[in-house]
Amino acid sequence: MKYLRQFGIILFISFLGEALRMIIPLPIPASVYGLVLMLLALCSGILKLEQVKDTADFLIEIMPVMFIPAAVGLLDSWSSLQPIWVPVLIITVLTTVIVMAVTGRVTQFIIRKGEKKK
Amino acid sequence: MKEFLVDSVFFGAFISLAAYEAGLLLKRKLKLPILNPLLIGTILVVLVLVLLNVEYEHYNEGARYISYLLTPATVCLAVPLYQQLTLLKKNAKAVAAGILAGVLTSLVSVFLLAKLFGLTHEQYVTLLPKSITTAIGLGVSQELGGIETITVAVIIITGILGNVIAESLCKIFRIQEPVAKGLAIGTASHAIGTAKAMELGQVEGAMSSLAIAVAGLLTVVGASVFAGFM
């Protein structure tokens, strides 16, 4: 019954996330509110790690599969994408590469600068 | 045959899992980073749908039960994050600066490239939230008057691209610190990239999860400012 209870807790926090999304008029999804709530529950000790860990690990492990339906959905948006697909694709590829490189280098630079000081 | 597939509730969910499994198998056999199970799985499902002449809407009858798990799974990203909390506190300054730099880079580079290609205001705001998770990005696009279907498409393409290139890109740019790798992947390619960060390691996964939330929230604010520039 361990998994059932863990999944129940995770669904309950997701539900609370949904409730917050209803109340707060910002374009923030239930999942992000839920993530913050889960983190707060763990940090405050209301929830023990063992009460969610196994099911959480399983859900995270299978997460990539959950993106397949949305990715297949690109089939349907092709008609609206088609007239501007060349600039859109170039912008998408370039910005993704630049953002990843900049974020990584900036973080690494500050971490290593801090380590040298010590 | 076709009518049966159209009515089936399990067809969409089953072929999604089978296609992903086939992608995993290919990756294990050939060991090429481009053979990403998510990418291969998506292509295989598309091929099956086209060959059997099944529309997306009917495929999604079953597949949506897989997407249903996405919110609970994202909530669970708090678990690895919690386990790395001491590491996060130790590197708080680097983490904050890294994500902020990434979000600003994203907005500035979209702005400059949109100018370069002469995009309209509508197309420009459509692309502004491209690096953040679908649910937040969609809301931002709606708010700013973008084209929602294109925003979703671009966010997903960004995610898959980030997932596929993450390992090689970190090598090329010599990003070696696990914290830096995780933040880079999460800030550039949200939850789909995070799936890759989880494979690289606990720290990478946790930092990438953190970046989804923080970069997403910063972009909500940043995009509304940048929308006024063009």
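First the proteins, then the strands, lettered A, B, ... as listed; each starts at 1. Side chains are part of it too, since the values below use all heavy atoms of this structure and drop only hydrogens, waters and symmetry mates.
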- If one checks every heavy atom of A:Phe7 against chain B at 4.5 Å, the contacting part turns out to be side chain

- Query: Hey, are B:Lys130 and A:Thr96 close enough side-chain-wise for a donor-acceptor pair under 3.5 Å?
  - Reply: yes

- Message: Are B:Leu24 and B:Glu21 packed together at the side-chain level, in the sense that at least one heavy-atom pair is separated by less than 4.5 angstrom?
- Response: yes

- Message: Between B:Gly159, B:Gly139, B:Ala19, B:Ala188, who has the most heavy-atom pairs with chain A when the cutoff is under 4.5 Å?
- Response: B:Ala188

- With no hydrogens and no angle check, is any side-chain donor or acceptor of B:Thr126 less than 3.5 Å from a backbone partner on B:Gly146? no

- Options A:Ile110, A:Leu47, A:Ile91, ranked by heavy-atom pairs under 4.5 Å with chain B, top entry: A:Ile91

- Non-hydrogen atoms of chain A under 4.5 Å away: do they reach the side chain of B:Ile165, the backbone, both or neither? side chain

- Task: Sort B:Leu119 into side chain, backbone, both or neither according to what part of it lies under 4.5 angstrom from a heavy atom of chain A.
- Result: side chain

- Item | A:Leu42, part contacting chain B, at a heavy-atom distance under 4.5 Å | both

- Message: Quick check on B:Glu55 against chain A: is it the side chain, the backbone, both or neither that has a heavy atom closer than 4.5 Å?
- Response: neither

- Query: Within the distance-only criterion (no hydrogens, no angle test), does the side chain of B:Thr120 pair as donor or acceptor with the backbone N or O of B:Gln123 below 3.5 angstrom?
  - Reply: yes

- Query: Between B:Val220, B:Ile43, B:Leu77, B:Asn60, which has the largest tally of heavy atom pairs under 4.5 Å with chain A?
  - Reply: B:Leu77

- Item | Atom group of A:Leu94 that falls short of 4.5 Å from chain B, counting heavy atoms | side chain

- Message: For chain A, which candidate among B:Ala180, B:Gly205, B:Gly162 shows the most heavy-atom pairs at distances under 4.5 Å?
- Response: B:Ala180

- Task: Output, in order, the C-alpha distance, side-chain angles, deciding distance and verdict of salt bridge (Lys or Arg N to Asp or Glu O under 4.0 Å) for A:Arg112 and A:Glu115.
- Result: CA-CA 5 Å; A:Arg112 293 198 170 161; A:Glu115 275 168 3; 5.4 Å; no

- Message: Using a 4.5 angstrom heavy-atom cutoff, name the option from B:Thr134, B:Thr194, B:Leu169 with the most pairs to chain A.
- Response: B:Leu169

- Item | Most chain B-contacting option - heavy-atom pairs closer than 4.5 Å, from A:Val106, A:Thr92, A:Val32 | A:Thr92

- Could you tell me which of A:Ile10, A:Ile111, A:Asp57 has the largest number of non-hydrogen atom pairs under 4.5 Å with chain B? A:Ile111

- For side-chain contact (heavy atoms from CB on, under 4.5 Å), just list the numbers for B:Thr74 and A:Met63, CA-CA rounded to whole Å, side-chain angles, deciding distance to a tenth of an Å, and then say yes or no. CA-CA 9 Å; B:Thr74 310; A:Met63 207 170 169; 3.9 Å; yes

- Message: Does any backbone or side-chain atom of B:Ser189 lie under 4.5 Å from a heavy atom of chain A? Answer side chain, backbone, both or neither.
- Response: side chain

- Message: Looking at A:Ser31, is its backbone amide N or carbonyl O close enough to the side chain of B:Thr71 to form a donor-acceptor pair, meaning the two atoms are under 3.5 Å apart?
- Response: no

- Message: Can you tell me which portion of A:Val36 sits under 4.5 Å from chain B's heavy atoms? Options are side chain, backbone, both or neither.
- Response: neither

- Item | Residue-level contacts of residues 61-69 of chain B with chain A, using a heavy-atom cutoff under 4.5 Å | B:Ala63, B:Ile66, B:Ser67, B:Tyr68, B:Leu69

- Message: Quick check against the 3.5 Å criterion: does B:Thr187 have a side-chain atom that pairs as donor or acceptor with the backbone of B:Ala184?
- Response: no

- Message: I'd like to verify something: which residue of A:Val97, A:Ile13, A:Leu11 has the highest number of heavy-atom pairs under 4.5 Å with chain B?
- Response: A:Val97

- Item | Interface moiety of B:Val154 toward chain A, non-hydrogen atoms closer than 4.5 Å | both

- Taking the side chain as every heavy atom from C-beta outward, state whether B:Thr219 and B:Ser131 have any pair of such atoms under 4.5 Å apart. no

- Message: Tell me whether B:Tyr59 contacts the main-chain N or O of B:Val46 through its side chain, where contact means a donor paired with an acceptor under 3.5 Å.
- Response: no

- B:Ser106 side chain vs B:Gly102 backbone, donor-acceptor pair below 3.5 Å: no

- Note on the structure: Most heavy-atom pairs under 4.5 Å with chain B, out of A:Gln108, A:Glu18, A:Lys53, belong to A:Gln108

- Counterpart residues, side-chain contact (heavy atoms from CB on, under 4.5 Å), relative to B:Val203 (two or more places apart): B:Gln84, B:Leu87, B:Pro178, B:Val179, B:Met207

- Message: Looking only at heavy atoms and a cut-off of under 4.5 Å, which of B:Lys181, B:Gln176, B:Glu143 has the most pairs with chain A?
- Response: B:Gln176

- Item | Residues B:Val110, B:Phe226; criterion side-chain contact (heavy atoms from CB on, under 4.5 Å); working and verdict | CA-CA 10 Å; B:Val110 170; B:Phe226 268 75; over 6 Å; no

- From CA spacing to verdict: side chain to side chain donor-acceptor pair (under 3.5 Å), B:Thr42, B:Tyr20: CA-CA 8 Å; B:Thr42 304; B:Tyr20 185 75; over 6 Å; no

- Message: Tell me whether B:Glu199 is salt-bridged to B:Lys27, with the criterion being a basic N under 4.0 Å from an acidic carboxylate O.
- Response: yes

- Turns out that what part of B:Leu112 lies under 4.5 Å from chain A's heavy atoms comes down to neither

- Task: May I ask you to decide if B:Glu204's main-chain N or O and B:Ser208's side chain share a donor-acceptor pair within less than 3.5 Å?
- Result: no

Identify all side-chain donor-acceptor contacts of residues 71-90 of chain A below 3.5 Å with residues at least two apart in sequence or on another chain.
unit_1	atom_1	unit_2	atom_2	d
A:Ser77	OG	A:Leu74	O	3.3
A:Ser80	OG	A:Ser77	O	3.0
A:Ser80	OG	B:Thr149	OG1	3.2

- Which portion of A:Val102 sits near chain B, non-hydrogen atoms under 4.5 angstrom: side chain

- Give, as side chain, backbone, both or neither, the part of A:Ile68 having an atom under 4.5 angstrom from any heavy atom of chain B. both

- Query: Passes side-chain contact (heavy atoms from CB on, under 4.5 Å), B:Ile175 versus A:Arg105? Steps please.
  - Reply: CA-CA 6 Å; B:Ile175 301 168; A:Arg105 292 299 300 187; 4.0 Å; yes

- Item | Heavy-atom proximity to chain A below 4.5 Å, by part of B:Leu100 | neither

- Query: Quick one: what part of B:Leu183 sits under 4.5 Å from any heavy atom of chain A, side chain, backbone, both or neither?
  - Reply: both

- Name the option with the most non-hydrogen atom pairs under 4.5 Å to chain B; the candidates are A:Ala30, A:Ala70, A:Cys43, A:Gly104. A:Gly104

- Message: Quick check on B:Ala215 against chain A: is it the side chain, the backbone, both or neither that has a heavy atom closer than 4.5 Å?
- Response: neither

- So what's closer than 4.5 Å to chain A heavy atoms on B:Phe173: side chain, backbone, both or neither? both

- List for me each residue that meets side-chain contact (heavy atoms from CB on, under 4.5 Å) alongside B:Val54, sequence neighbours excluded, and say none if there are none. B:Leu5, B:Phe11, B:Leu49, B:Leu52, B:His58

